[in-house]
Amino acid sequence: MDFLRLADEIISGRRLGRADDTGSFITADLDELLKGADRIRKALCGDHIDLCSIINGRSGRCSENCKFCAQSAHNCTGIDEYGFLDEEAIVDECRHNAEKGVHRFSIVTAGRTLSGADFDRAVSAYSRMNSSFDIELCGSHGLLTDEQFRKLKEAGVKRYHCNIETSRRNFPNICTTHSFDEKTACIKRAQAAGLQVCSGGIIGMGETWEDRVDMALTLAELGVDSVPINSLIPIKGTPLEELTPISEEDILRTVAIFRYILPTADIRLAAGRNLMEGCGRKAFLSGANSTITGDMLTTSGNGIADDTAMFRSMGFDIERRQK
């Protein structure tokens with residue numbers, strides 16, 4: 001297959017689906033694939049890089065048994081565990097990120113869902129941040145109800161995060177306490193409430209290339225706006241602790257495949273950027289156009305100042321757009 005020609009077809013409006021020969025991505029010449037993905041990114045997304053930062057609003061004791069996760073109560077990782085953070089700590093971190101020029105800020109909480117007083121605290125924090133700072137707000141609180149999504153939107157949240165993690169076929173190998181269908185139903189509820197959706201997954205968990213392609217196709221079918229690609233950082237105490245970290249070449253191929261299948265979405269590098277040379281510099285010339293950043297993160301590899309300097313040196317636009 002001529003992947004540069006395919007890139008031009010996608011730029012002209014073609015969209016790939018399950019009837020297409022997506023298997024050819026797996027064996028394609030990597031340099032050609034990356035060049036085509038970057039061509040699509042530049043034509044359909046431009047040179048703007050979207051920067052998102054998160055705060056861990058509630059840590060540990062999660063009831064779900066996701067094999068990759070340090071916060072699952074089923075895994076013994078020795079992480080710090082704490083209840084929902086004080087509102088002032090959340091607001092202060094949002095202020096810091098807004099002042100540093102970050103475009104989005106999200107509270108992320110461990111657990112199957114967020115409810116009761118903790119959910120009310122989150123809504124209060126979102127309302128306060130929305131009225132105080134020039135920054136887009138996102139949320140990541142598990143499997144919420146229609147009414148909860150409505151309240152988040154009223155509080156100023158613009159985008160909701162709910163990873164599907166992997167393909168439908170592979171999902172039971174990763175988690176059995178909730179289902180793939182529960183994930184996709186949550187995404188659809190968020191969209192029905194008028195929220196954009198951020199959803200992706202983790203690569204390097206023992207899945208096949210076909211699983212990765214299938215995950216991208218599912219996200220395209222769901223109409224997801226932002227797609228975080230995490231590369232597994234094996235954590236001691238989890239069932240995946242002995243896995244060998246994924247190679248940079250495989251990360252780059254995955255990013256490019258996702259760009260071909262999701263040509264207008266934000267392809268967002270998340271955990272595992274430090275597995276790549278230059279903290280993923282090449283990935284942003286291979287289809288990626290957004291990233292998780294932050295001065296409190298440990299799995300991305302770069303702080304805010306490092307990221308902004310890198311993107312400016314590469315000629316990208318990182319100015320905050322009108323809220």
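Both backbone and side-chain heavy atoms feed into the values below; hydrogens, waters and symmetry mates do not. Start at 1 with the first residue, then count along the sequence.
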When rounded to the nearest 0.5 angstrom, what distance separates [atom1] in [X] from [atom2] in [Y]?
{"X": "Leu252", "Y": "Ser247", "atom1": "CG", "atom2": "OG", "value": "8.5 Å"}
{"X": "Cys138", "Y": "Tyr126", "atom1": "SG", "atom2": "OH", "value": "8.0 Å"}
{"X": "Ile11", "Y": "Lys42", "atom1": "CD1", "atom2": "NZ", "value": "11.0 Å"}
{"X": "Ile304", "Y": "Leu51", "atom1": "CD1", "atom2": "CG", "value": "8.5 Å"}
{"X": "Gln196", "Y": "Asp225", "atom1": "CD", "atom2": "CG", "value": "4.5 Å"}
{"X": "Tyr160", "Y": "Cys186", "atom1": "OH", "atom2": "SG", "value": "5.0 Å"}

So, [X] versus [Y]: side-chain donor-acceptor pair below 3.5 Å or not?
{"X": "Ser53", "Y": "Asn97", "value": "yes"}
{"X": "Thr166", "Y": "Asp211", "value": "no"}
{"X": "Ser167", "Y": "Asn170", "value": "no"}
{"X": "His48", "Y": "Asp50", "value": "no"}
{"X": "Asn65", "Y": "Thr177", "value": "yes"}

Same apolar cluster (I L V M F W Y, side chains within < 4.5 Å links), [X]/[Y]:
{"X": "Val157", "Y": "Leu143", "value": "no"}
{"X": "Leu262", "Y": "Val197", "value": "yes"}
{"X": "Leu33", "Y": "Leu217", "value": "yes"}
{"X": "Leu85", "Y": "Val123", "value": "yes"}

Residues 236-283 vs ring pair (Phe, Tyr, Trp, His ring centres under 6.0 Å), sequence neighbours excluded, gives Phe25-Tyr260

So that I know where these two stand, are Phe171 and His178 an aromatic pair - ring centroids less than 6.0 Å apart?
yes

May I ask you to decide whether [X] forms a salt bridge with [Y], counting only side-chain N to carboxylate O separations under 4.0 Å?
{"X": "Arg14", "Y": "Asp20", "answer": "yes"}
{"X": "Asp118", "Y": "Arg121", "answer": "yes"}
{"X": "Asp92", "Y": "Arg95", "answer": "yes"}
{"X": "Glu136", "Y": "Arg159", "answer": "no"}
{"X": "Glu249", "Y": "Lys282", "answer": "no"}
{"X": "Glu319", "Y": "Arg312", "answer": "yes"}
{"X": "Asp8", "Y": "Arg39", "answer": "yes"}
{"X": "Asp214", "Y": "Arg18", "answer": "yes"}
{"X": "Arg150", "Y": "Glu154", "answer": "yes"}

Full working for side-chain hydrogen bond (donor to acceptor under 3.5 Å, both in side chains) between Thr291 and Arg268
CA-CA 5 Å; Thr291 191; Arg268 188 177 303 277; over 6 Å; no

Can you check whether Arg41 reaches Phe284 side chain to side chain, under 4.5 Å on heavy atoms?
no

Backbone of Cys66 reached by a side-chain donor or acceptor of Asn75 within 3.5 Å:
yes

Answer yes or no: is there a donor N or O on one side and an acceptor on the other, between the side chain of Asn163 and the main chain of Ser199, under 3.5 Å?
no

Among pairs that include at least one residue of residues 179-189, which meet salt bridge (Lys or Arg N to Asp or Glu O under 4.0 Å), considering only residues two or more places apart or in two chains?
Arg112-Glu182, Glu165-Lys183, Arg168-Asp181

